[in-house]
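Below you'll find the structure, written out as structure tokens, and then a few comments.
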Amino acid sequence: MTESGPLNLIDDDNSDTEEGVDKQVRNKLAYDLPGSMPNHGRPVIQTKCLRIAPTGRNWAAATTEGVLIYSMDVSFIFDPTDLDIDVTPEAVDAALKENQTSRALILSLRLNEDSLLKKCIIGVNPADIPAVASSVPVKYIQRLVEALAYLLESCPHLEFLLRWCQELCKIHGHSIQQNSRNLLPALKFLQKSITRLHQDLADTCNSNEYLLRYLCSASDAK
């Protein structure tokens with residue numbers, strides 16, 4: 001025993017490489033910090049950098065297992081795909097300004113932020129929807145279908161969004177069929193959104209039809 005604790009827990013290796021981490025994993029130390037969960041079989045990771053958000057409610061750590069992001073807000077979601085130094089919200093805005101809608105959409109799909117996805121989907125010219133939809137890689141179809149389903153519940157551009165859904169299914173129909181098991185939750189969500197819209201529009205059309213009949217009959221009576 002020493003003043004710092006058990007002797008076998010003192011790491012006298014000055015190396016800061018991953019070999020030191022592997023050594024700790026191989027030793028399978030059974031000791032844990034007070035108040036923490038037992039570390040049975042979990043990998044030991046190193047942290048090179050910590051950054052706290054200005055709000056004080058989120059913080060990120062660059063570790064040997066990747067970038068870890070923690071938040072006190074349940075709604076905070078950051079789950080990018082294929083992220084690199086050139087994939088930024090500024091790059092998305094620049095692509096939209098240069099009318100590179102396909103590039104902007106793919107960048108927003110890689111960033112996986114709802115606000116950017118909405119901006120890029122709405123920013124596509126209706127005549128360019130088939131070309132932009134065909135440029136979307138297969139691995140991003142699920143995220144795009146989910147984004148369209150969310151927009152159908154909150155966006156007033158119904159015909160525009162339904163055209164998006166139609167072209168996406170026509171162009172990527174074979175890929176969707178081959179990956180139907182993985183895409184099934186997103187496709188069910190999209191179907192649910194379209195069905196709800198159909199019911200709402202049917203009720204509105206029926207109400208307008210009865211109102212027009214009443215107005216016509218009242219005009220004839222006069």
Straight-line distance of [X] [atom1] to [Y] [atom2], nearest 0.5 Å:
X: Leu162; Y: His157; atom1: CG; atom2: NE2; result: 13.0 Å
X: Ser108; Y: Arg103; atom1: OG; atom2: CZ; result: 11.5 Å
X: Leu144; Y: Leu190; atom1: CG; atom2: CG; result: 10.0 Å
X: Lys118; Y: Leu151; atom1: NZ; atom2: CG; result: 6.5 Å
X: Ile129; Y: Ser134; atom1: CD1; atom2: OG; result: 12.0 Å
X: Leu107; Y: Cys120; atom1: CG; atom2: SG; result: 8.0 Å

Is it the case that more than 12 heavy atoms not belonging to [X] sit under 6.0 Å from its [atom1] atom?
X: Leu50; atom1: CG; value: yes
X: Tyr150; atom1: OH; value: no
X: Arg143; atom1: CZ; value: yes
X: Gln191; atom1: CD; value: no

Do [X] and [Y] come close enough that some side-chain heavy atom pair is under 4.5 Å?
X: Lys170; Y: Gln166; result: yes
X: Ser102; Y: Leu105; result: no
X: Lys119; Y: Asp93; result: yes
X: Phe160; Y: Ile122; result: yes
X: Cys165; Y: Leu152; result: yes
X: Tyr70; Y: Asn58; result: no
X: Ile176; Y: Ile141; result: yes

Compare every heavy atom of [Y] with every heavy atom of [X], then report the nearest pair and how far apart it is.
X: Phe189; Y: Glu146; answer: CE2-O, 4.0 Å
X: Leu111; Y: Thr88; answer: CD1-C, 3.6 Å
X: Gly123; Y: Thr101; answer: O-CG2, 3.9 Å
X: Ala60; Y: Ile69; answer: CB-CG1, 4.1 Å
X: Leu117; Y: Ala147; answer: CD1-CB, 4.1 Å
X: Ile106; Y: Ser135; answer: CD1-O, 3.6 Å

> Linking I/L/V/M/F/W/Y whenever any side-chain heavy atoms sit under 4.5 Å apart, do Ile171 and Tyr140 land together?
Replying inline: no
>> Starting from Leu184, can I reach Val138 by hopping between I/L/V/M/F/W/Y residues whose side chains sit under 4.5 Å apart?
In response: no
> Just one of Asp200, Leu197, Ile194 clears the side chain to side chain contact (heavy atoms under 4.5 Å, CB included) bar with Leu158, so which one?
Replying inline: Leu197
State whether the side chain of [X] and the backbone N or O of [Y] hold a donor-acceptor pair below 3.5 Å, judged by distance alone.
X: Asp128; Y: Val124; value: no
X: Thr63; Y: Glu65; value: yes
X: Thr64; Y: Gln46; value: yes

> In chain order, what residues pass the salt bridge (Lys or Arg N to Asp or Glu O under 4.0 Å) check against Glu209, with sequence neighbours excluded?
Replying inline: Arg213
> Does the salt bridge (charged side-chain N to carboxylate O under 4.0 Å, His left out) test come out yes or no for Arg163 and Glu167, once each step is laid out?
Replying inline: CA-CA 6 Å; Arg163 174 78 184 278; Glu167 294 298 334; 3.2 Å; yes
